[in-house]
Amino acid sequence: MASRNYKYYQPNDKDLKDQYGDCVVRALTKVMSKTWMQVFDDLISYAKKTSMHAKRKAML
């Protein structure tokens, strides 16, 4: 369902068919004015520092 307020945004040049779930990285590129790779590298660095894997579920 398309919305008239929705504008397609895909900063990842390697995911032209939207096959990957990178919505967090995409959103951060928009608000931080960084490239997809810069945001991805920042997130990987943060994950290494905190020893958290991207697929790990949050414990509530």
Side-chain angles (χ1 to χ4, degrees):
M1 177 168 79
S3 169
R4 59 187 160 138
N5 296 323
Y6 175 80
K7 183 177 180 186
Y8 182 77
Y9 178 69
Q10 176 52 283
N12 183 357
D13 295 336
K14 295 182 180 181
D15 186 19
L16 299 178
K17 294 184 179 182
D18 291 331
Q19 296 177 342
Y20 304 101
D22 64 347
C23 55
V24 170
V25 179
R26 284 192 225 182
L28 288 173
T29 64
K30 195 80 164 169
V31 298
M32 298 175 78
S33 298
K34 289 186 174 185
T35 66
W36 189 95
M37 192 56 74
Q38 288 172 321
V39 171
F40 183 78
D41 287 342
D42 289 347
L43 289 172
I44 292 298
S45 176
Y46 178 77
K48 286 180 180 179
K49 289 177 189 173
T50 59
S51 299
M52 296 178 71
H53 188 276
K55 296 284 185 180
R56 182 177 170 187
K57 293 187 180 205
M59 300 174 124
L60 299 176

Expected list for residues 25-33: side-chain donor-acceptor pairs under 3.5 angstrom, two or more places apart:
| from | atom 1 | to | atom 2 | distance (Å) |
| --- | --- | --- | --- | --- |
| Arg26 | NE | Asp22 | OD1 | 2.8 |
| Arg26 | NH2 | Asp18 | OD1 | 3.3 |
| Arg26 | NH2 | Asp22 | OD1 | 3.2 |
| Thr29 | OG1 | Tyr9 | OH | 3.0 |
| Thr29 | OG1 | Arg26 | O | 2.5 |

Exercise for the section: Please identify each residue that fulfils side chain to side chain donor-acceptor pair (under 3.5 Å) with Asp41, with sequence neighbours left out. Expected result: none
Problem - Contact check, side chains of Asp42 and Tyr46, non-hydrogen atoms, under 4.5 Å - result: no
